[in-house]
Amino acid sequence: MMLSKDSKHDCIKLPLPQDVLFDSKLKKRNTLLIKGGHTTEILRLVGSLSGAYSPRHYVIADSDEMSANKINSFEFTRADRDSSPEYIKYYIHRIPRSREVQQPWLSTVFTTLRSMWLSFPLVQRIKPDLVLCNGPGTCIPICVSALLLGILGIKKVIIVYVESICRVETLSLSGKILLHLSDYFIVQWPALKEKYPKSVYLGRIV
Amino acid sequence: MKSAFVTVGTTSFDDLILCVSARENLQIFRSLGYNRLVLQIGRGKVVPEPFSTESFTLDVYRYKESLKEDLQQADLVISHAGAGSCLETLEKGKPLVVVVNEKLMNNHQLELAKQLYKEGYLFYCTCSTLPGLLQSMDLPTLKCYPPGQPEKFSAFLDKVVGLQK
């Protein structure tokens with residue numbers, strides 16, 4: 001962790017990950033909104049990105065403690081390793097899952113609407129430049145909210161969906177929906193690229 | 001000490017936990033030379049009673065901040081078909097048996113397990129076929145899994161957002 005000297009009080013301040021020192025020399029800052037049902041996969045992808053992708057807002061299901069731990073671990077490790085003078089800022093937001101595993105479809109309609117109700121104000125407040133998602137369920141309300149921001153003329157958000165490496169021959173339900181709503185739809189197996197020529201195939205990226 | 005690690009990630013997979021902790025299957029592990037079985041049960045409702053005898057130890061827990069240590073110490077990993085668990089295990093070069101949860105919607109997890117099995121990186125089965133597989137499988141025949149290339153993703157994204165021409 002990097003230390004900063006507080007000249008007023010003549011002591012060393014140890015910053016928490018949520019504190020930020022803005023580097024005014026940074027020309028490009030990309031606010032990144034991340035929603036990953038497959039947390040390990042998405043963190044691999046975020047790990048490959050440069051520091052220009054800051055601040056990072058992670059959206060996870062409120063029942064998902066393991067993902068929060070993984071994200072914190074990832075960000076701490078990265079902050080230690082990063083030799084750049086900028087502090088790396090990230091946030092974790094929680095919204096209810098649109099659908100729990102094996103949840104009946106009728107109640108899914110209501111829980112999805114509830115997720116939408118909570119997602120839009122969040123996305124509206126953050127106004128990300130980029131939404132990166134790869135997971136089941138909860139990413140739909142986030143992406144729809146991001147689209148709405150564009151439709152309402154508030155902000156054009158780039159939506160990038162990375163289909164999970166689990167998907168070899170068929171798309172997930174979220175994938176099928178977001179194939180048409182995303183700006184870039186990335187697949188990791190050639191069979192999917194063949195089936196969906198609109199998609200982007202970069203090989204196995206996680 | 002030869003140990004096997006069973007992991008279900010953030011999910012609940014009671015059928016698998018019931019299966020591996022059943023007395024006759026603990027016997028199978030014992031007969032294969034394992035003297036430690038670690039169960040990471042996630043959100044599951046089935047919580048087997050941990051025990052420790054002279055010859056065998058059963059450890060049970062829900063979550064840890066990182067499974068790295070348990071993966072590192074394992075001689076065999078038995079996992080649900082979650083991408084995270086599979087990738088972490090394969091990248092550590094550990095022998096992997098993926099157990100598919102037949103109760104999940106559309107059971108798409110079979111696709112990845114089948115593909116990686118086709119390419120020779122792991123074994124896969126269901127809860128009912130797991131005991132048979134454990135006894136018949138030949139672990140040294142598994143191939144080494146090459147890591148993915150996230151740098152291709154970052155190069156692509158940099159172009160998309162205009163950081164790179």
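Numbered from 1 within each chain, the chains take letters A, B, ... in sequence-line order.
In this structure, CD on A/Gln124 lies 6.0 Å from CG on A/Leu149, to the nearest 0.5 angstrom.
Ion pairing between a basic and an acidic side chain is recognised when a charged N comes within 4.0 Å of a carboxylate O; A/Arg56 and A/Glu75 show such pairing.
Chain B forms more heavy-atom pairs under 4.5 Å with one residue of A/Ala68, A/Gly47, A/Ser164, A/Ser48 than with any other, namely A/Ser48.
With a threshold of 4.5 angstrom between heavy atoms, A/Val206 approaches chain B through its backbone and through its side chain. Contact of A/Leu45 with chain B is made through backbone and side chain together, with heavy-atom distances under 4.5 Å. B/Gln115 touches chain A through its side chain: at least one heavy atom from C-beta onward sits under 4.5 Å away, while N, CA, C and O do not. Residue B/Phe153 touches chain A through both its backbone and its side chain, counting heavy-atom pairs closer than 4.5 Å. Only the backbone of B/Pro147 comes within contact range of chain A, judged by heavy atoms closer than 4.5 Å. Contacts of A/Ile186 with chain B are made by side-chain atoms alone, with heavy-atom separations under 4.5 Å and no backbone atom involved.
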Please walk me through it: do B/Leu16 and B/Cys127 pass side chain to side chain contact (heavy atoms under 4.5 Å, CB included)? CA-CA 6 Å; B/Leu16 174 61; B/Cys127 290; 4.1 Å; yes
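Counting heavy atoms from C-beta outward, A/Glu169 and B/Lys114 have side chains that stay 4.5 Å or more apart. B/Asn25 has its side chain out of reach of B/Leu130: every pair of non-hydrogen atoms, C-beta onward, lies at least 4.5 Å apart.
Ring-plane geometry between A/Tyr184 and B/Phe156 is classed as perpendicular, the angle between the planes exceeding 60 degrees on a 0 to 90 degree scale with a lower cut at 30.
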